[in-house]
Amino acid sequence: MKELAKFRDPQIAKALIKEVNAVAARVAERLGRRIVLMEVCGTHTVAISRAGLRGLLCDHLDLRSGPGCPVCVTDYADIDRMVALARLPGITVATFGDMVRVPGSGSSLERERAAGAEIRICYSPADAVAYASAHPAREVVFLGVGFETTAPAVALSIKEAARLRLNNFSVFVTHKVVPPALDALLSDPELKIDGFILPGHVSAIIGLKAYDSLNARGLPAVITGFEPNDILDAVRQLLLMVLAGEGRVINGYARVVRTSGNTIAQQQMDEVFKITDAPWRGFGTIPRSGLTMEDRFKKLDALERFVLPPTKSRVPSGCVCGEILKGKLTPRECTLFGRVCKPMAPVGPCMVSSEGACAAYYNFERRQRGGTAVE
Amino acid sequence: MNDMVLLAHGDGGVLTHELVRDLFLRHFPNRTLKGLTDAAVFTGLAGRLAVTTDSFVVSPLFFPGGDIGKLAVCGTVNDLAVSGAGPVYLTAAFMLEEGLPIADLDLIASSMARACEEAGVEIIAGDTKVVGRGHLDRIFINTAGIGIVPGALDLGYERLAPGDRVIINGPIGDHGMAILAARESLDFAGRLVSDCAPLNGIINELLREIPREVKMMRDLTRGGLATAAKEIAVAAGCDIHLEETAVPVRPEVRGAAELLGLDPLYLANEGKFMAFVSAPSAEDALAVLQTHPLGRSAAIIGEVSGGSGNLYLRTPFGGTKYLDMLVGEPLPRIC
């Protein structure tokens, strides 16, 4: 942990904050409006919130949470299928913890657990394989949720289950990949985002080449780590690019991210998964943005293994999370905001994540009524 | 005696008597309990009395730093202590699942006896019920406690005033992290140990030294420091400002929490309390706490201001965060 100290050093942070605010003032004056930067990754969102950075940079700058919280962008229909799986007799659903509270159109895994379903929280897909191996009488279904950071470990566990010839283990795959979602955001000509903070961990897996199309668009983007000073330095570099009228992808996380990425992890994913179109909560289907299992692992695919009762997902219409993330609408312009869509009953990803644009807005307004305004 | 709890241990018959005589009375050998009357009748408590009750359902039953028995005694003792009461008597009700090893029950009862001795309290009434397999998770314990509040002592939300300091008696999150690590068999280097301890001793010293300047106290249990502070801010109708750098957290707890995406501010504690003390007496209070073994790393972590129930955390980077109560159980994050 010691080598990380300088990335957390408050003195360095304070100097960076001062510099960022000074540059931001110049950029905002030049643009004639506030600057909008998007942190694509949910872990960046949490890190920004932990350090309280949003409030320190808010004079001229909005830091907006992007589509990079994998739990938040899990589609209604997928959660409804997870719920349906949990309701089948003899099934143990194994999942990462933060999936259990996300509501589908009728229920959540948290509610199903209360109603008697067996839901086990795992720290790693390997835990789920071990559990299946130790409990041959249970059908263990692991929920494969996450981006390029979790998919390789899930791929490994699928291979391990195949090697062990486990006949009571399967995976419900809803893995997604980040670059196509970014492309979908960027393809909107009315996009109002000045730069991107790109995910450090995802980039460590996929490498720089995965951002070729982003690079070609000429938008400022910086890959960075998760310590406060990593993030502040990324913001500084983004603002300098905006000021200079430049736009390219900079690797600000060279201590971890290599040009070629982690080729071993990529191989694991390639071996077990193939690319498919995938539905993203709040965005609709994004072409080639999801993973599904290769045919030779079909026996370990939960959707092949179990016949689910047909579910009708009732998605409240009118969610404009996609437009909010692109900076085209504000949460208050959404007809669902605060009425149908609230933190305890979220519709879109911007409300599911406590740091999402809509949840932040909702809580901020409540606080405005209650007292002082801070982050 | 049998080696496991049977349904018949709860039917009021021979096995019930055997269990009470050979196990509970052996560990709790006080005169009132020995009478085995329907109610404990006692004299000697007069003045302002405080009563509290709490139920304990922890899993695993045994964890580094404690077990459900120690927890059941300390939890109730601490609720009395932070209310300014000197705990005197406890009651204990045991709900047992058939099949529970008697050896486990014996360990739990002996641990309760040790905790009672440490806290200077006696268990004077009790109850045992047994339910069928699967109807509860091995053992649940309810304890109730009664204590005496010194006549002159005045603690309460309404006494909080702008400028009051918030003091904590040591590092946060030890219990929550220890339980999580034990529950999930997480293999962390370094030992995570629960802070489970009776706080009446250290609180007694604090109140003896500066009885008037302590405005109110709260033990930090489920929901952690942040939830407790938020509750107090709301109830008192003031704002509370915490300094993140001042809040003590053990490196091993911080590391484990970071790995799992958990925030120590929301992790459970079982041997920590915060005291709100008038500013001029804060350093004195700190000195008193730091001389007690349960307060060696006590710290002033924040202060009260006028406001409307908000809790703020100043980060090391100069940012200010708004903290809310814990929403649901703390869950490890995916990324």
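Heavy-atom basis, side chains included; hydrogens, waters and symmetry copies ignored. The sequence lines fix the lettering, A, B, ..., with proteins before strands; numbering per chain opens at 1. No experiment lies behind these values; they were computed from the predicted model shown.
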Engineer: Once you round to the nearest 0.5 Å, how far does OH of A:Y123 lie from CG of B:L180?
Structural biologist: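 Reported value, rounded in 0.5 Å steps: 3.5 Å.
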
Engineer: Does NZ in A:K14 sit with more than 12 non-hydrogen atoms of other residues, nucleotides or ligands closer than 6.0 Å?
Structural biologist: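 Yes.
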
Engineer: Can you tell me how far the NZ atom of B:K321 sits from the CD1 atom of A:I48, to the nearest 0.5 Å?
Structural biologist: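 Reported to 0.5 Å precision, the distance equals 12.0 Å.
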
Engineer: Decide if atom CZ of B:R222 counts as having more than 12 heavy atoms of other residues, nucleotides or ligands within a radius under 6.0 Å.
Structural biologist: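 Open: at most 12 neighbouring heavy atoms sit under 6.0 Å from CZ of B:R222.
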
Engineer: How close do B:F317 and A:R8 get, counting heavy atoms only, and between which atoms?
Structural biologist: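 Heavy atoms of B:F317 and A:R8 come nearest at CE2-O, 3.2 Å.
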
Engineer: Minimum heavy-atom separation for A:R50 to B:D263, with atom names?
Structural biologist: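 So the minimum-distance heavy-atom pair works out to NH2-CB, 3.6 Å.
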
Engineer: For the residue pair B:P316 and A:P10, what are the closest heavy atoms and their distance?
Structural biologist: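 For B:P316 versus A:P10, the nearest heavy atoms are O-CB, 3.2 Å.
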
